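Order of appearance sets the numbers: ligands from 1, and atoms from 1 within every ligand. None of these values were measured; they are calculated from a predicted model. The residues of the chain are indexed from 1 along the displayed sequence. Hydrogens, waters and symmetry mates are skipped; everything else that's a heavy atom, side chains included, is used.
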Amino acid sequence: MNENGSFQNVSTKVLKGPAYSGFGFAVAAIGDVNQDGFQDIAVGAPFQDSGRVYIWMGSKKGISDMWSQEIKGKSVGDGNFQSFGYSIDGGMDMDGNSYPDMVVGSLDDRVALIRARPVIHLTKNFTVTPFIVDPSQCTNDKACITATVCMSFTLSNGNKYFKRNVVVDYTVEAGVGELRRRVHFQDDHSTITRSLTLSSSESICETLNVFVNTPVRDKLDPVIFSVNMSLQNPNSKARRSLQNLDAFPVLSQEQKLVHKAEIHFQKECGDDNKCSSNLKLKAEFVDEKENPYPRRDGMQVLQYDRNMRIIIGLKVDVTNLKSPGKVAEDAHQTMLNVTFPTTLRYSGVRPSTYQCHSNDQNNGVLCEIGNPVKAEDTNSLRLLFETSDIDLNTNLIECQLLLSTVSEQSDLKPEALKIQIENTIHPNFEIKNPIVRTKFGGTVMGESAMVNSSDVGSLVEFTATVDVEEQPLGDLGMLAVEFEWPLEVANGKWLLYLTKVVVKGESETECDAGGHANSLNLTLSHRRSGRTKRQADNNNNNADEKFQSEMNEPQPVITQFTPRKESYVLDCAERTAKCVTFSCPLLNMSRTAEVYVRSRLWNSTMLEDYSNALDVIIKGQATLKLITKIPTIKMENQPREFRVLIEPEEGVETPYELPLWIIISAVVAGVLLLGIIIAILWKLGFFKRALYYRIMPKHRAVKIRRAERYRLNLGFGPEEPQKKYWITNWTEMQHFYY
Ligand SMILES: [Ca+2]
Ligand SMILES: [Ca+2]
Ligand SMILES: [Ca+2]
């Protein structure tokens, strides 16, 4: 500072006080207040509140930015100072204790004498023995660790004749920073607070017994002990006269009042003092009852059902077993790190004695398995996860498991554990009107004469509805309705002639039903409109009115003059009907779709073959199927039966069949009647007719064959044909003369 006998024009240090406080109004050298060999200064700030004085202590490093002590005007004396610190003087020892004191003035017509207290240096010694503890030698009752605190003190001014005793309070803590303490003091306390009364220049010690909580989980980390000391001050009584400040010493500020010591546990790692572990991991997914999920092709499969809340367990076994060429020494700080996808949410660990913590991103969990995991230890824990956001796109859940230890083991690598998610969808599939009632009647009409579909017969219509309540399949697949359709009777005649199949999802598409829809290319006389089927039929198609089906309505009693006897069942499954199978994919479907199937009952077949029927039941089937290439999406096929109940219309003629006895008796009666008539005629002489030659006149003539007449010169020979002299135009092979 005083180079060449003058001050530097650059300031070494600038001290700052509060604004408008008058900081620096008074500055004074106050001597070496704490007797540490460095001079100290005081700065007044008389206009800060009631006025303050700040003390800066000198040291080896000069003075610090921050003051060492602050003396407030309101806490000095009766506290009524208004501008405490207006003036300061110091450096003189007023009470002869060899510590310099300070006088602080004010504008209040008052001056305060502020005396320095004796400063004490504590000499401390804190030890914990033994340095390495063998836990097997310790029990919960037998202390095997000793903590020792030794203290003595000196005064900073070197006064050896200081007569007063000093009382130091100290607190010892065992196992600093441990959640689960491995050591404790008497009565299971982790901290203990005591006092030591020190007399001048005499060292005093105290020992504390420390116990070990066995078994020790963590043998790797040292156990930290700490001691914290403070000087016990007697209450200062307000007195008029000056007190001896020897009763109010202070501890010097440079010294540390907190001391630490540590011990270690004996590790069981052989003579080389290196721990070589042989940790192995075995993991699988288990259900809530701890049963492993079944395996297919080596991989576990979870049948996921979104209607159920599922807790997936991840069962992990960690072993530390000897194997050929490998020792299984203690695996210290063995941790298990599991990372999992967002489809899982960590919810806990069983048994709950294991400590596991999930990370903030909620995609990993870190578990303490053991510290150490000893040889032959069995560690089996189950991490529990809730499922979240599993949808049809989720076909796999993959977790990564990694063991780690601070012991020596080089073959620990992340292991992937996968489980396949099989999603089963449950769409609602129904046939709205599974039983259709209809009639037949009229006259037989040939196939070639049919023009309109209404010529075929009465309308039979089914509507199948599909409702996917869950996630739409999207690109993952498609639903289809497969029909077993009774197209023909077993003999090959038409039965239910398909006219049109329409699939209505987001939009409407036609299903060609494998080419069976309107295969005769008839003019479709029925168009579906937004109105109900009944309205549509009544208005659009008069021909249908005649055969209008009476779904779900009571049937009028048909008066039949001839008895109808038989009921016929035409069933695809029984092969009494010839059925075709066709599939209608539900295109453009998001959540719901409807399939309308329109057909005509082949009236002529009914008239020809079933006119004597009491009724005819036609049975068919529709099945909802899933078409997908993704093997993890499943659906059970849902077959639904539909029926057509047919009755003949009133007035349909049935062929009358005569009973056999009537026929036989009629034949017998006929034969008898014929016999009687013959007998009567015979009696009347009907059969006695006159002989022809008796009643007719006689006529005789000789036939001479012209051809055999003898002729001169020619002898007997055939005569040349001659022109006849009467009318005849036939060619005569033989000619006679009459
Ligand atoms: Ca000093
Ligand atoms: Ca003094
Ligand atoms: Ca070893």
Side-chain angles (χ1 to χ4, degrees), residues 13 15 27-43 53-64 66-71 76 88-104 111-121 132 134 154-159 161-164 219-220 236 241-255 264-279 320-334 372-377 405-411:
K13 191 97 188 174
L15 304 175
V27 179
I30 51 174
D32 184 5
V33 177
N34 54 356
Q35 293 291 298
D36 62 350
F38 298 97
Q39 295 295 310
D40 311 311
I41 59 165
V43 179
V53 170
Y54 297 95
I55 311 291
W56 267 271
M57 300 293 190
S59 72
K60 274 188 284 195
K61 298 171 189 167
I63 56 172
S64 57
M66 191 65 187
W67 39 260
S68 311
Q69 193 182 359
E70 179 189 40
I71 304 166
V76 172
I88 303 167
D89 199 2
M92 58 290 184
D93 181 12
M94 302 291 285
D95 56 1
N97 66 351
S98 81
Y99 288 90
D101 307 310
M102 178 172 72
V103 185
V104 180
V111 169
L113 170 66
I114 299 187
R115 292 183 294 157
R117 290 152 72 180
V119 178
I120 280 175
H121 281 300
I132 292 175
D134 182 357
T154 53
L155 261 74
S156 62
N157 61 359
N159 180 7
Y161 306 104
F162 187 80
K163 293 292 177 211
R164 300 264 178 173
K219 290 187 181 175
L220 198 78
S236 68
S241 60
L242 276 180
Q243 280 181 289
N244 189 343
L245 284 183
D246 286 354
F248 305 96
V250 290
L251 289 170
S252 72
Q253 288 181 353
E254 302 95 74
Q255 64 186 339
H264 296 260
F265 285 108
Q266 176 77 49
K267 295 191 277 276
E268 290 167 33
C269 295
D271 299 332
D272 59 357
N273 205 30
K274 272 198 242 166
C275 294
S276 305
S277 59
N278 190 25
L279 290 172
N320 186 14
L321 302 174
K322 271 181 198 166
S323 62
K326 297 219 171 152
V327 289
E329 291 169 337
D330 286 359
H332 292 283
Q333 279 183 18
T334 303
V373 172
K374 300 176 78 66
E376 314 300 326
D377 258 7
T405 174
V406 293
S407 295
E408 292 189 3
Q409 186 174 347
S410 56
D411 61 350

Residue K61 excluded, over 12 heavy atoms near NZ under 6.0 Å: no
Metal site the Ca ion (ligand 2): N/O/S of N97 inside 3.0 Å: yes
Electrostatic pair K219-D134, nearest N-O below 4.0 angstrom: no
From I132 atom CD1 to K267 atom NZ, the distance as rounded to the nearest 0.5 Å: 7.5 Å
Heteroatom N/O/S of M57 within less than 3.0 Å of the Ca ion (ligand 1): no
Exam field: side chain D40 to backbone V33, donor-acceptor pair closer than 3.5 Å: yes
Considering only N, O or S atoms of D36, the one closest to the Ca ion (ligand 1): OD1
Of all N/O/S atoms in D93, the name of the one nearest the Ca ion (ligand 2): OD1
Metal site angle (apex the Ca ion (ligand 1)), OD1 from N34 and OD1 from D40, 10 degrees: 110°
Side-chain touch V373/L279, heavy atoms, less than 4.5 angstrom: yes
Which N, O or S atom of D95 lies nearest to the Ca ion (ligand 2), by name: OD1
Side-chain heavy atoms of S68 within contact of Y54, under 4.5 Å: no
Side-chain ion pair, D246 and R164, N-O less than 4.0 Å: no
Heteroatom N/O/S of G58 within less than 3.0 Å of the Ca ion (ligand 1): no
K274 O and E329 OE1 subtending at the Ca ion (ligand 3) (10° steps): 80°
Nearest to the Ca ion (ligand 1) - the N/O/S atom of D32, by atom name: OD1
The Ca ion (ligand 3) reached by C269 (N, O or S, under 3.0 Å): yes
Nearest-0.5 Å distance, CZ of residue R115 to CG of residue N97: 7.5 Å
Y99 near the Ca ion (ligand 2) via N/O/S, less than 3.0 Å: yes
